[in-house]
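One is the number of the first residue; the rest follow in order along the sequence.
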Amino acid sequence: MILDSKIPEGHISDKWTDYKDHLKLVAPNNRPKIDIIVVGTGLAGASAAASLGEMGYNVKAFCFQDSPRRAHSIAAQGGINAAKNYQNDGDSTFRLFYDTIKGGDYRAREANVHRLAEVSGNIIDQCVAQGVPFARDYGGLLDNRSFGGTQVQRTFYAAGQTGQQLLLGAYSALSRQIGLGRVKMFNRHEMLDLVKVDGKARGIIARNLVTGELERHSAHAVVIASGGYGNVYFLSTNAMGSNVTAGWKIHKQGALFANPCFVQIHPTCIPVHGTNQAKLTLMSESLRNSGRIWVPKIKADAEAIREGKLKPTQIAEENRDYYLERKYPAFGNLVPRDVASRAAKEVCDEGHGIEANDTNEGVYLDFSTEIQNKGKQTAYAKGNHNPSAEEITALGKQWLEEKYGNLFTMYQKITDENPYETPMKIYPAVHYTMGGVWVDYNLQSTIPGCFVAGEANFSDHGANRLGASALMQGLADGYFVLPYTVSNYLADEIRTGKISTETQEFADAEKRVKDTIDTFLNNKGSKSVDHFHKRLGLIMWNKVGMGRNEAGLKEAIAEIAALKEEFYKEVNVPGSADEFNPQIEKALRVADFIDLGQLMAMDALQRNESCGGHFREEYQDSEGETLRDDENFSFVGAWEYNGNDISKEELHKEELKYEFIKIAARNYK
């Protein structure tokens, strides 16, 4: 199979504009004749469905939640990037493009990333017009803050709930189209298979999660915007319902899955507390603007803290190791996520971890310096040039509360510790997946008519996503890319007419789904679905997690294959198919996670280099930094499904060519 990325010719700054100018169009009077299915209603899906509905297409939108407002996009806290240069600190479209390529360790497709940077400013204008309450400075202009991997302020934010506010903006646009009848919303429905007719995507089989009924839905094109696959690790920052089923089903129908081993570990999560924990909680990366990360220099101090004999506030300044500031002075606490995560693991592996959990893993995120600095600045601005220590502290805390108040409240509710008084405890956790379904420049998969948007595709983040870029990509794909590229595809479909669901292809797809469900329900196993999901998560975290090596990856591949065999023999799924049955939902999703987990280990094993979130312990320099192999591994690894035995999947390579930037060692020192 030859992968045609369809990257247009021309200068990087002109590619997208010239390409749009020559795409085929569908006339407004023809759009009501065409049906489009959108699976997922997070930022990518909601913005795509709203935009396509606004254009006049008939859209069916599906989500497994009870409302699009429940999509996991609401969990994004810190902000959204855009190259508007409001702070006049040197930002530009090119700099956002370059930072994204560099942050992804030179493993992203150049043309897609530049397009993302180009449209970033339009996203902010769109969202402001929708009423998204972005933070503003004293003069009323939109405010910005910094995020990891950059030296400029380009992140627009709405306190610590940016994702939620952006989703409400997209949801308002979607709701307008639902009210006009252009979008038909299917809540509590889950896509369980893709239907192809003559090689083209022509519909889906969905399960009504309330009644259990299987439904056939046809369309002239299908858009998958179902998010990432971080829950393959069981414990992650993802919502517990987040899954890979939609992406994996189209993979089994012929869509290649690209770079599955590229997983992001986020450095600022509340540490694992106990073995019965079901998910992890993210603390926004925006906190790294104001917090300083440290561990005790003396191991005995760390041990005393873990034993409850010492408080972090009792550790003298000279006995604190601000290890990111020490190792990466140019970026300090704002190094990219993969760098910060590995550094935290390194100091904890050396015995300096501060959390009293099974692995003694945790570091501090301390706001005391910021409280003092901002307190003095605020006092001075108020005309008090000789404030007392108490006044400084009070004003500093007030400043923090205005910036991050909801995040601090959330942390205190979860941990019962006041982060204004004592440092936050944080540790890296699985957060985002850069890998996903392979798409070309049009965001179309290797299945004609099947498009993939947002985190569900692989296209923009390389081996490591910069903070505040997930929201940017989701809205860029939905608002500013898919309306053009899907229309280009649909221009040849205006004479097709309504697509019937009473065909053999739909019957076969429905039978595949029904047979799978019946297999689980009729199984006489003795173990729960969660039993297997937790075991898969342990294999993935320990051997396909922050640190990977050849021996561990080979063990993981074998262990997951054995787990799959045991899963199908021993899993117990109670209840019936024709009712509300969350255990059926879980079983179907975990089956897909098991297959994907094995593929992730295979992908990590073949990539004999370290880059971004993929850290092979055999490939590091003397200071523990990643060693890329640009000569042999500057490619997208796209896998083709070849049946139930995942070890038979075939690897295809899309060469990455950089014409407009210079590849260099990634240095944040």
request  = Please lay out, stage by stage, how R107 and D630 fare under the test salt bridge (Lys or Arg N to Asp or Glu O under 4.0 Å).
outcome  = CA-CA 9 Å; R107 292 293 177 263; D630 294 323; 3.0 Å; yes
request  = Please confirm whether H461 and Y432 have ring centers closer than 6.0 angstrom.
outcome  = yes
ask   = Do any pairs count as a ring pair (Phe, Tyr, Trp, His ring centres under 6.0 Å) and have a residue in residues 175-199, sequence neighbours left out, and if so which ones?
value = F62-F186, F186-H189, F186-H217
ask   = Pick from R202, K60, K498: which one makes a side-chain hydrogen bond (donor to acceptor under 3.5 Å, both in side chains) with D35?
value = K498
query = Of all residues at least two apart in sequence or in a different chain, which pass the side chain to side chain contact (heavy atoms under 4.5 Å, CB included) check with R495?
reply = none
message = Run the side chain to side chain contact (heavy atoms under 4.5 Å, CB included) test against L25 and tell me which residues pass, sequence neighbours left out.
response = none
task = Nearest 0.5 Å please: distance from the CG atom of N259 over to the CH2 atom of W639.
result = 10.5 Å
ask   = Between F458 and R109, is there a cation-pi geometry (under 6.0 Å to ring centre, at most 45° from the normal)?
value = no
query = Between H251 and E649, does any side-chain donor sit less than 3.5 Å from a side-chain acceptor?
reply = yes
ask   = Which residue pairs pass the side chain to side chain donor-acceptor pair (under 3.5 Å) test with at least one member in residues 42-54, sequence neighbours excluded?
value = E54-R176, E54-Q177
query = Does A61 have any side chain to side chain contact (heavy atoms under 4.5 Å, CB included) partners at least two apart in sequence or in another chain, and if so, which?
reply = T41, A49, V183, M185
ask   = Rounded to the nearest 0.5 Å, how far does NZ of K196 lie from CD of Q253?
value = 5.5 Å
key: Gap separating the CZ atom of R154 from the CD1 atom of I124, nearest 0.5 angstrom   = 12.0 Å
ask   = Residues two or more places apart in sequence or in another chain: which of them pass salt bridge (charged side-chain N to carboxylate O under 4.0 Å, His left out) with K514?
value = D518
Gap separating the CG atom of L209 from the CD1 atom of I584, nearest 0.5 angstrom = 11.0 Å
task = Using salt bridge (charged side-chain N to carboxylate O under 4.0 Å, His left out) as the criterion, list what pairs up with R589, not counting sequence neighbours.
result = E190, E585
query = Does the pair D592/K252 count as a salt bridge with the N-to-O cut at 4.0 Å?
reply = no
query = Nearest 0.5 Å, what's the CZ-CD1 distance between R31 and I494?
reply = 11.5 Å
task = Go through the side-chain N and O atoms of Q65 and N187 and say whether any donor and acceptor fall under 3.5 Å apart.
result = no
query = Under 6.0 Å between ring centres, would you say that holds for F660 and F97?
reply = no
Approximate separation, where rounding is to 0.5 Å, of L471 CG and I123 CD1 = 9.0 Å
inquiry  = For S445, give me all partners under side chain to side chain contact (heavy atoms under 4.5 Å, CB included), at least two apart in sequence or on another chain.
reply    = A255, V437, I447, C450, V452
query = Between E110 and K657, is a side chain to side chain contact (heavy atoms under 4.5 Å, CB included) present by the stated rule, with each step listed?
reply = CA-CA 7 Å; E110 191 180 59; K657 298 178 181 178; over 6 Å; no
remark   = In short, salt bridge (charged side-chain N to carboxylate O under 4.0 Å, His left out) pairs touching residues 468-490 with sequence neighbours left out are none
query = Quick one: salt bridge (charged side-chain N to carboxylate O under 4.0 Å, His left out) partners of R182, sequence neighbours excluded?
reply = none
note = Across all chains, not counting sequence neighbours, the salt bridge (charged side-chain N to carboxylate O under 4.0 Å, His left out) partners of K15 are none
Ring-face cation contact, Y157 with R145, 6.0 Å cut, 45° max = yes
request  = Would you list the pairs meeting side chain to side chain donor-acceptor pair (under 3.5 Å) in which at least one residue belongs to residues 74-83, sequence neighbours left out?
outcome  = N81-T155, N81-S469
